[in-house]
There are 2 protein chains.
Amino acid sequence: MNLPPLIQSFVLHFGEMGSHWGINRTVGQIYALLYVSDKPLNADDIVEAIGCSRSNTSMALKELQAWRLVKLQHLPGDRREYFSTPDDVWAIFKTLAEERQKREVEPTLTMLRGAIMETPSGDAERHAQARMNEMYQLIELVTKWFADIRDMDVDTLQKLMKLGSQVQKVLQFTQSIGRLTGRDSNRNADAEA
Amino acid sequence: MNLPPLIQSFVLHFGEMGSHWGINRTVGQIYALLYVSDKPLNADDIVEAIGCSRSNTSMALKELQAWRLVKLQHLPGDRREYFSTPDDVWAIFKTLAEERQKREVEPTLTMLRGAIMETPSGDAERHAQARMNEMYQLIELVTKWFADIRDMDVDTLQKLMKLGSQVQKVLQFTQSIGRLTGRDSNRNADAEA
DNA sequence: TCCAGTTTTCAGTAATTTCTGAAAGTTTGA
DNA sequence: TCAAACTTTCAGAAATTACTGAAAACTGGA
């Protein structure tokens, strides 16, 4: 690896972090490299920069594409494939959240739904089911809520972000004048009536 | 492994999921088992239920304790250690978020701060720094915001949760009557003045 | 202090994951 | 339709991670 030290430490850090996140080192490194690069890179550029094999690079890029984290493009008069990351960091964050939702959260919810449907035999199973239901409710709630945020336009989001720790105050305020908003603050409660 | 099918599928699923989350299968399985168990379990109970070695169980419990995800307790007249998970699913979620913050987010922020401080030499490094700064800002913002939510009391949180997709509406409403709340909606903006 | 019951450590082994080089596959333009 | 330029696949090697059994280390009572 032969990169400016500043970029190198970033790339190496993402490589390490990868393992905490279930992605492998090369994938993390390549992503980091593309993220900070000021121009799209082709596979050989990456091999040169990271110091891994050509085939490994190919695999890693395939995985990054499956995660929709890199864009593939072609430069005029060059047959090679060039890769880059989207510019908008918020869009990147959204993509990551959507993919994890699809790969990890959905299967878990499906499993939980299945288990909750079963007829329990005995107290232990009844208790287990109740616990699974608690987990199911929490995941669904957080997921829904997160999806709302994820799908906000950047502008609204920026405002909400800047609100910071005021979210709680805003909420309390909203509650206290609840009727004015059309009693919507209870919209997702179990019983609409 | 010899468990009711309902519990078994839950335990196995968490084992599989572990790998997506950088924890190993046994740790995931043991956590799941404790989560649905209606009483605290000792290490031998776990060995019996999961079918792993005693030493592996010991290691896994140590790791779960390091993550603050299991409670250790003693039963009167029994020298063995019994383990269980906290009852409150929200508290569990909070703990997980705090630990990940500490282990993954903080080191990344530190690395980014370091890189951003460096004097860039050349355009590539300058661009890389700008990108790192974008990432830094996003992580800090999301982190702060998440911490606010994390630290809410359960009651407020429940209300906010039930708000669901109304968060956006509430925000817009709040903005439009901004002055009434004391102009706090800008509190975390760059310039306080 | 010693002992029985219990947990932890650790070195070696097993399993899994990652990585590589060689070969096969694809695409484009002449 | 061929060849050059480039990408992907894949079987095996290398590296890493997980797991085990045996032994060591605790711990609390007699």
Side-chain angles (χ1 to χ4, degrees), chain A residues 1 11-34 40-67 70-84 103-104, chain B residues 1 11-34 40-67 70-84 103-104:
Chain A
M1 193 178 304
V11 167
L12 291 176
H13 180 90
F14 265 73
E16 303 301 320
M17 271 311 166
S19 47
H20 291 286
W21 274 80
I23 59 169
N24 76 44
R25 197 172 64 244
T26 309
V27 172
Q29 290 181 346
I30 291 181
Y31 182 78
L33 178 67
L34 291 174
L41 302 178
N42 64 45
D44 288 321
D45 294 336
I46 295 169
V47 166
E48 159 107 35
I50 304 277
C52 59
S53 73
R54 183 62 187 73
S55 54
N56 197 8
T57 301
S58 177
M59 294 292 213
L61 286 169
K62 215 169 126 195
E63 180 157 2
L64 285 170
Q65 282 177 285
W67 279 89
V70 300
K71 291 183 298 187
L72 166 61
Q73 59 205 287
H74 285 277
L75 262 51
D78 191 335
R79 271 174 54 188
R80 287 170 297 180
E81 299 183 325
Y82 283 79
F83 298 88
S84 61
R103 293 163 192 234
E104 291 156 34
Chain B
M1 192 180 303
V11 167
L12 291 176
H13 180 89
F14 265 72
E16 303 301 320
M17 271 312 167
S19 46
H20 292 287
W21 275 78
I23 59 168
N24 76 43
R25 198 172 62 244
T26 309
V27 173
Q29 290 180 347
I30 291 180
Y31 181 78
L33 178 67
L34 292 173
L41 302 179
N42 65 44
D44 288 322
D45 295 336
I46 294 169
V47 166
E48 159 107 35
I50 304 277
C52 59
S53 73
R54 181 65 185 73
S55 54
N56 196 9
T57 300
S58 176
M59 293 291 210
L61 286 169
K62 215 170 126 195
E63 179 157 1
L64 285 169
Q65 282 177 285
W67 279 88
V70 299
K71 291 184 297 189
L72 166 61
Q73 58 205 290
H74 286 276
L75 263 51
D78 190 334
R79 269 174 54 189
R80 288 171 297 180
E81 300 183 322
Y82 283 78
F83 298 89
S84 60
R103 293 163 192 235
E104 291 156 35

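Remember, it's a predicted structure, so these values are computed and weren't measured experimentally. Below, read A as the first sequence line, B as the second, and so on, with proteins coming before strands; counting in each chain starts at 1.
- Atom CD1 in B/Ile46 sits roughly 15 Å away from atom C1' in C/dT8 (whole-Å rounding).
- Atom CZ of B/Phe83 and atom P of C/dT6 are 13 Å apart (whole Å).
- Rounded to an integer number of Å, the gap from A/Ile30 CD1 to D/dT7 C1' is 14 Å.
- Rounded to an integer number of Å, the gap from CD of B/Glu81 to C1' of D/dA25 is 14 Å.
- Proximity of B/Asn24 to the phosphate of D/dT17: no side-chain N or O atom is located under 4.0 Å from OP1 or OP2.
- Rounding to whole angstrom units, CD of residue A/Glu16 and P of D/dT16 are separated by 11 Å.
- Both A/Thr57 and B/Asn42 lie close to DNA chain C; mapped to their nearest nucleotides by heavy-atom distance, the more 5′-ward contact belongs to B/Asn42.
- Around CD of A/Glu104, the count of heavy atoms belonging to other residues, nucleotides or ligands within 6.0 Å exceeds 12.
- Residue A/Glu48 places its CD atom among 12 or fewer non-hydrogen atoms of other residues, nucleotides or ligands, all under 6.0 Å distant.
- Between B/His20 atom NE2 and C/dT17 atom C1' there is a gap of 14 Å when expressed in whole angstrom units.
- The phosphate of C/dT7 has OP1 or OP2 within less than 4.0 Å of a side-chain N or O from B/Arg54.
- Atom pair B/Leu61:CG and D/dA18:P shows a separation of 16 Å (rounding to whole Å applied).
- In this structure, the ring-ring contact (aromatic ring centres under 6.0 Å, His included) partners of A/Phe14, at least two apart in sequence or on a different chain, are A/Phe10.
- One can place CD of B/Glu63 at 18 Å from C1' of C/dT7, the figure rounded to the nearest angstrom.
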Polar atom pairs between nucleotides 26-30 of chain C and protein, under 3.5 Å, N or O only, would you list them?
from	atom 1	to	atom 2	distance (Å)
C/dT27	O2	A/Arg79	NH2	2.8

Set out, line by line, the N/O atom pairs under 3.5 Å between protein and nucleotides 9-12 of chain D.
from	atom 1	to	atom 2	distance (Å)
D/dT9	OP2	A/Lys62	NZ	2.6

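- Of the side-chain N and O atoms in B/Thr26, none sit less than 4.0 angstrom from OP1 or OP2 of D/dA18.
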